[in-house]
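Please read the structure below before turning to the comments.
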Amino acid sequence: MRFTTRAAETGDVDAIVELLPRLADYPLPSRREAHMFWSTDAELVRRWAAGEAPASFVRVGVESESVVAAAVVTMNTDYFSGEPNAHLEAIAIHSIADGHGLGRRLIEECESEARRLGARSMSLHVLGNNQRARAIYQKLGYDEEMIRAVRFLD
């Protein structure tokens, strides 16, 4: 297979949204449901396509004209430094593209675009249970700065 990457187009929205359930393809934390991990990203992609998320951009991976990967980024301000930041909202890869370096390529392209837009850093969120993603992000040079803890009160 030969994978290419490009900026997403509004016509890619349905294919991107179809990929997003992969964001919950690992042992989920207790009391969480799969849709919780991708439904807000789907809404963001739809808003981006409608021109309602101007601070966001989307890149896709393509194989034979089919979208098989997507990365969604929103420009914002770094929580700690107050400097311009890019936040990787989501990166989803179809199983046929696993292990081909497409995720790494998309992240690198998103970092380049974020630099071009003035970002001094790129952040992301990853759940503790998602060991595979955490290992990939660490290999790409991302440091884990925060741990979010939750206790249900019912």
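Residues Arg31 and Asp154 meet the side-chain proximity criterion, which asks for heavy atoms closer than 4.5 Å. Counting heavy atoms from C-beta on, the side chains of Ile16 and Val58 come closer than 4.5 Å. Residues Leu106 and Ile91 meet the side-chain proximity criterion, which asks for heavy atoms closer than 4.5 Å. For the pair Phe37 and Arg22, the minimum side-chain heavy-atom distance is 4.5 Å or more.
Linking Ile, Leu, Val, Met, Phe, Trp and Tyr whenever their side-chain heavy atoms come within less than 4.5 Å leaves Val45 and Phe57 in two separate clusters. Note on Val73 and Trp48: separate hydrophobic clusters, where clusters join Ile, Leu, Val, Met, Phe, Trp and Tyr whose side-chain heavy atoms are under 4.5 Å apart, directly or indirectly. A continuous path of Ile, Leu, Val, Met, Phe, Trp and Tyr side chains, each step under 4.5 Å between heavy atoms, connects Met75 with Ile107, placing both in one hydrophobic cluster.
Scanning both residues, Ala42 and Val17, for their nearest heavy atoms gives CB-CG1, 4.0 Å. Listed here is the closest heavy atom pair of Ala97 and Val68: CB-CG2, 4.2 Å. Taking both residues in full, the closest heavy atoms of Ala90 and Leu20 are given as CB-CD2, 4.4 Å, listed atom of the first, atom of the second, then distance. Nearest heavy atom pair, residue Val13 against residue Ala49, reads CG2-CB, 3.0 Å. Contact between Gly103 and Ile93 at its shortest, heavy atoms only, is CA-CD1, 3.8 Å.
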>> side chain to side chain contact (heavy atoms under 4.5 Å, CB included), that's the test. Do Tyr137 and Glu144 meet it? Break it down for me.
In response: CA-CA 9 Å; Tyr137 296 139; Glu144 293 183 352; over 6 Å; no
>> Assess the residue pair Thr5 and Arg59 against the criterion (side chain to side chain contact (heavy atoms under 4.5 Å, CB included)); give the C-alpha distance rounded to whole Å, side-chain angles, the decisive distance to 0.1 Å, and a yes or no.
In response: CA-CA 7 Å; Thr5 59; Arg59 293 202 56 84; 3.9 Å; yes
>> Could you go through Tyr26 and Leu127, starting from their C-alpha distance and side-chain angles, then the distance that decides it, and tell me whether this counts as side chain to side chain contact (heavy atoms under 4.5 Å, CB included)?
In response: CA-CA 10 Å; Tyr26 63 94; Leu127 273 88; 3.6 Å; yes
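Atom CD of Glu89 is separated from atom CG of Asp41 by 6.5 Å, given to the nearest 0.5 angstrom. Rounding to the nearest 0.5 Å places CG of Leu19 at 11.5 Å from CH2 of Trp38. Distance check: Ser66 OG to Phe3 CZ gives 10.5 Å after rounding to the nearest 0.5 Å. Atom-to-atom distance recorded for Cys110:SG and Leu88:CG is 6.5 Å, nearest 0.5 angstrom. Between the OG atom in Ser56 and the CZ atom in Arg47 there is a gap of 7.0 Å [rounded to 0.5 Å]. Here the CD atom belonging to Glu63 is positioned 9.0 Å from the NE2 atom belonging to His100, to the nearest 0.5 angstrom.
With Ile136 as reference, Arg132 is the one residue of Lys139, Arg132, Gln138, Arg134 to meet the side-chain contact (heavy atoms from CB on, under 4.5 Å) rule.
Arg116 and Glu113 are joined by a salt bridge, as a carboxylate oxygen and a charged side-chain nitrogen come within less than 4.0 angstrom of each other.
For the 3.5 Å distance criterion, the side chains of Thr77 and Asn85 fail to qualify, holding no donor opposite an acceptor. Counted by atom type alone, Asp78 and Ser81 present one or more donor-acceptor pairs between their side chains at under 3.5 Å. Side-chain contact annotation: His87 with Ser123, donor-acceptor N/O pair under 3.5 Å present.
Every residue two or more places apart in sequence or in another chain that forms a side-chain contact (heavy atoms from CB on, under 4.5 Å) with Arg6 is listed here: Glu9, Asp12, Val60, Val62, Val67. Under the salt bridge (charged side-chain N to carboxylate O under 4.0 Å, His left out) criterion, Glu111 pairs with no residue, sequence neighbours left out.
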